[in-house]
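Chain letters run A, B, ... following the sequence lines, proteins first, then strands; residues in each count from 1. Below, all heavy atoms of this structure are taken into account, side chains as well, without hydrogens, waters or symmetry copies. Here the structure is a predicted model, which is why all the values come from computation and not from measurement.
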There are 2 protein chains.
Amino acid sequence: MTTAARPGGRPRGRPRGFDRGAALARAMEVFWALGYEGATMGELTTAMGINSPSLYAAFGSKEELFREAVALYDATEGTAVTRALSEEPTARAAVATVLRETARACTEPGRPTGCMIVVAALNCSQANSPARDFLSGWRREGDEALTRRLEQGVRDGDVPAGTDTAAASAFLGAVLHGMSIRARDGATRAELERTAETTLTAWDVLYGAERP
Amino acid sequence: MTTAARPGGRPRGRPRGFDRGAALARAMEVFWALGYEGATMGELTTAMGINSPSLYAAFGSKEELFREAVALYDATEGTAVTRALSEEPTARAAVATVLRETARACTEPGRPTGCMIVVAALNCSQANSPARDFLSGWRREGDEALTRRLEQGVRDGDVPAGTDTAAASAFLGAVLHGMSIRARDGATRAELERTAETTLTAWDVLYGAERP
DNA sequence: TCATTTCTGTGTCGGTCAGCACAGAAATCT
DNA sequence: AGATTTCTGTGCTGACCGACACAGAAATGA
């Protein structure tokens, strides 16, 4: 983001010869498929259709590009999950949508398997630990958002009072994170959907099915 | 393993100046902590207390060393889980031990967090995909061992007839895999133990608590 | 004793990594 | 038009990667 679009006129010098957003989307897919370390600059520039200096001019560095790619992932692939937490009327409905949507998103045909925020930088050298910690932070924020939604359910009365929301969120988080690994290992969508439904059944008996 | 110990005598040439098993144990810890790609030859040789040519003479290559390290991990850190599947009297007891032992092993003080078989080679470049596929195979074998134990439970009558053992195993596997990621993210032993107990409670209501 | 075998330490190999220097190209501003 | 600004393509750089050549050291066998 070196040049800001000025109101009422194009930027000064030679215009960029590629679509920054489209290139970022390609970079996201490469990082998603290969991980932060596994994606080389050569693979990124090839997929993005640009040369290395253009990438550095537009995005700063490999790590900054990765951070933007993760944000784009959250804003596109992660919308259904994010919206479920804010829009579903009950905690149970939110959990159901999150589980089912995760099963779907982790096994979308023609796309990399597993959630990018889980699988893109789990193990890496110390030199790249910032990228790993960055994704770890996103996972923790997801946990906290889920916990907040469960606490809201307690306040709303659709989750039993006295429920250990942190423990419930940790349990659900473990299932959700595990689904990504299993998707990477080749689990089918049907298997992940069964796991989602199993977890939902467990939810009903652990934290009370909602009574319509 | 270039020289075989001959019966009734030492091997011919200059004896190895280091303990092969001890060096392998150090290598296992490095791979466990940093992952296959994240661990460099320099970090490995430093931890093992040997120079690069000695490593290659004794283990063949980085990848062969990794395979031996994973086997050692399974034979040491994984024994409690493996034994639970063969020795516990009921499927429920086996599942309980596997869950609790995983929570413990993933948060052992002074050791890398998470299960090595889950976290050591999830995302890597195509060049190192053999290592990733190798670990994926170990995970699938773990799944199958768990599924067989549940099927045994059905035959023994301590798991309800008609139980979808594959689905139950996939659900448990997702929890177990997810626990490793959460351990890597800094989850405490107490949190993982709570997740294990939550999962066990779910097991009881999903597949029937055993009646003593 | 001395040839043979095997391991160790130094040094280095080709390959690849992320990142950038530099000059030319393409736009706007005066 | 000419100056200025910004982007693009070629090609390179130092660092690091896994792996190994080579000679010397340390053991055994004859």
Interatomic distance, [X] [atom1] vs [N] [atom2] [rounded to whole Å]:
X        : N      : atom1 : atom2 : answer
B/Ile50  : C/dT10 : CD1   : C1'   : 16 Å
A/Arg20  : D/dT8  : CZ    : P     : 12 Å
B/Asn128 : C/dC17 : CG    : P     : 11 Å
A/Leu65  : C/dG19 : CG    : C1'   : 14 Å
B/Arg16  : C/dT6  : CZ    : P     : 12 Å
B/Gln126 : C/dT16 : CD    : P     : 13 Å
B/Leu55  : C/dC7  : CG    : C1'   : 14 Å

Side chain to side chain contact (heavy atoms under 4.5 Å, CB included) against [X], all qualifying residues, sequence neighbours excluded:
X        : value
B/Ser125 : B/Glu37, B/Ala127, B/Asn128
A/Ala69  : A/Leu24, A/Met28, A/Phe31, A/Met116
B/Thr45  : B/Ser52, B/Leu55
A/Gln152 : A/Arg149, A/Arg155, A/Asp156

Nucleotide nearest A/Tyr56 (side chain, heavy atoms from C-beta), chosen from C/dA18, D/dT8, C/dC7
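That would be C/dA18.
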side-chain hydrogen bond (donor to acceptor under 3.5 Å, both in side chains) against [X], all qualifying residues, sequence neighbours excluded:
X        : value
A/Arg111 : A/Glu29, A/Glu77
A/Thr40  : A/Glu43
A/Arg83  : A/Glu87
B/Arg139 : A/Asp185

Check this one for me: any side-chain N or O of B/Ser54 less than 4.0 Å away from OP1 or OP2 of C/dT8?
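Yes, within the criterion.
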Contacts to DNA chain D from residues 24-49 of chain A, heavy-atom cutoff under 4.0 Å, which residues?
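Under 4.0 Å from DNA chain D: no residue of residues 24-49 of chain A.
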Find every protein N or O atom lying less than 3.5 Å from an N or O atom of nucleotides 10-12 of chain D, and list the pairs.
none

Taking CZ in A/Arg189 as the centre, count heavy atoms belonging to other residues, nucleotides or ligands within less than 6.0 Å. Is the count above 12?
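Enclosed.
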Using atom names, set out every protein N or O paired with an N or O of nucleotides 23-27 of chain C below 3.5 Å, distance rounded to 0.1 Å.
| unit_1 | atom_1 | unit_2 | atom_2 | d |
| --- | --- | --- | --- | --- |
| C/dG24 | N2 | A/Arg14 | NH1 | 3.3 |
| C/dA25 | N3 | A/Arg14 | NH1 | 3.2 |
| C/dA26 | O4' | A/Arg14 | NE | 3.4 |

Just to verify, what does A/Phe171 make a ring-ring contact (aromatic ring centres under 6.0 Å, His included) with, not counting sequence neighbours?
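None.
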Hey, does the Lys NZ or Arg CZ of B/Arg67 hover above the aromatic six-ring of B/Phe134, less than 6.0 Å from the centre and inside 45° of the axis?
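Because its charged atom sits under 6.0 Å from the ring centre and within 45° of the axis, B/Arg67 does stack over B/Phe134.
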